[in-house]
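These notes concern the structure reproduced below.
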Amino acid sequence: MSFQHFNTKAVHFSSYDGGKNISKTKPIYQTSAFSFKSLEDMEQFFQGEKDYLYSRYNNPNTDDLGYGTAQLEGAPAGIATSSGMSAILTGVLAAAAPGDHIVVPLDLYGGTYQLFQQELQEWGIEVTVADFRDPSNIEAAIESNTTLLYAESVTNPLLRVENIEELITIARRHSLYVMIDNTFATPCFCQPYSLGADIVVHSATKYIGGHSDVTAGILTGHRDMIQKAKQRVINLGANLSPFEAWLACRGLKTLSVRMAKQAENAAALAEWFQQKSNALVYYPETLSEQGNGAMVTIDLGEHYDVSRFFQSLDWIKIVPTLAGVETTVSYPLNTSHRTVPDAIRNDLGITEGTVRISVGIEDARDIIDTFRHALHQAKK
Ligand SMILES: *Cc1c(COP(=O)(O)O)cnc(C)c1O
């Protein structure tokens, strides 16, 4: 028997039975919690026999994203988070507690730099910034309470390829964890876990999402480290929403074909700049045999007018992010590196002429011709 009048019907018309209709793709489990038929049924969750209870803990869509990325990284475990920043925060908190010390590079992504300087220090985790371009600086920065070396596989915006093997050797010598932000390289071109890193993080907002329509983060790594990070995600409420996870999963499915095309276009563009322009070109040459990534940074130097260059880019938009299927440009000096002191910026080589290009999937000749035209317009 079922008692259902108007107000009851209004909320009970829909009951989802995943067994009746088998969709080709995983549906979006847009639900904050999971229901149970009996107390015994719910107890099964706590005994580890059921996967889902409450979406802040986990959800089929967020699990898919963590698991799928872990597979590509060659790691045993992975979880999704609300953003790249929350992935970095919860990953660091899995490897360092108040009173501990971490060593990080000078040419860190701006948001990460601020997280470390403004938040971690206040929570009692000491941070030393070292110039990782010379590994002896890393060794010199290690203290008795150091627990973690943090780095990025490819840096922003000058695309320095970190020597992860060297970092791991140093870390092993001092029994430290290694955490790598693999956002720019993606698992297509670098797999830090396979090289020995303990935690790998991604801003899935970038290449994994790939279409600039989602903000998300991912952590992959050792099962115990990911379990620790997951407890932080739950406690801090840094979980990803099911719909965002679903979008990022859709992106993950085409990551390898997008990266192959984008990296091919990037290599062609970098070569063109090198041969046919007076711009200084930053493009990695040693990232992987599969490709060197899809970011190209140029320095217009004294030869071109920066404002006119940006005005002459036709369909190439100025956007303070990267990694979408469309080619975009950004200007590090007044975005990501706006608050970086002049001395550090100069030392890193970021100038008024630095332009970061995120190369998309368009026809390479159109990308090159559009930049050729812009450089021509901007010639001093
Ligand atoms: C964008 C980015 C982040 C931050 O990710 P969000 O998704 O914006 O929180 C961290 N690291 C790198 C290298 C990034 O490019």
Side-chain angles (χ1 to χ4, degrees), residues 62 65-66 69 73 78-93 102 104-120 132 150-162 164 179-190 192 197 199-220 229 232-233 236-241 244-245 247-249 251-252 255 259 262 282 284 287 293-297 319-324 328-332 335-340 348 350 356-359:
T62 60
L65 182 59
T69 308
E73 289 283 358
I79 52 167
T81 67
S82 58
S83 65
M85 294 316 303
S86 59
I88 294 166
L89 172 63
T90 52
V92 169
L93 293 179
I102 70 173
V104 309
L106 186 63
D107 46 356
L108 208 52
Y109 172 77
T112 309
Y113 186 83
Q114 282 191 36
L115 169 71
F116 290 172
Q117 294 294 335
Q118 295 176 3
E119 307 297 335
L120 285 190
F132 280 28
Y150 182 97
E152 296 165 353
S153 42
V154 176
T155 66
N156 173 47
L158 298 184
L159 312 177
R160 181 177 68 83
V161 177
E162 189 61 80
I164 297 175
M179 178 167 165
I180 302 289
D181 181 333
N182 201 27
T183 300
F184 274 43
T186 81
C188 299
F189 303 128
C190 180
I199 305 180
V200 180
V201 284
H202 286 274
S203 168
T205 313
K206 314 293 167 53
Y207 286 112
I208 289 177
H211 298 74
S212 313
D213 52 12
V214 59
T215 298
I218 299 166
L219 292 141
T220 67
R232 270 33 192 237
V233 172
L236 295 169
N239 54 292
L240 184 62
S241 81
E244 310 265 300
L247 278 176
C249 284
L252 191 63
L255 178 69
M259 290 319 291
Q262 288 177 250
Y282 297 89
L287 184 56
M295 301 298 297
V296 178
T297 296
V319 185
T321 186
L322 60 115
T328 58
V329 290
S330 75
Y331 191 52
T335 53
S336 56
H337 289 72
R338 201 179 182 102
T339 56
V340 176
L348 290 176
I350 298 159
R356 193 188 71 183
I357 304 166
S358 172
V359 181

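Worth saying up front: this structure is predicted, and the values here are computed from it rather than measured. No hydrogens, no waters, no symmetry mates; every other heavy atom, side chains included, goes into these values. Note that ligands are numbered from 1 as they come in the structure, with each ligand's atoms numbered from 1 the same way.
For the pair N239/T62, no side-chain contact is recorded, criterion being any heavy-atom separation below 4.5 Å from C-beta on. Between P157 and I350, some side-chain heavy-atom pair lies under the 4.5 Å cut-off. For the pair I180 and C190, the minimum side-chain heavy-atom distance is 4.5 Å or more.
Taking the ring-ring contact (aromatic ring centres under 6.0 Å, His included) definition, one finds that Y331 meets it with F310, sequence neighbours left out.
Around ligand 1 you find S83, G84, M85, I88, Y109, D181, T183, F184, S203, T205, K206, A216, each with a heavy-atom distance below 4.0 Å.
Judged purely by atom type and a 3.5 angstrom limit, Q262 uses its side chain to pair as donor or acceptor with the backbone of G324. Judged by distance alone, the side chain of T205 and the main-chain N or O of A216 form a donor-acceptor pair under 3.5 Å.
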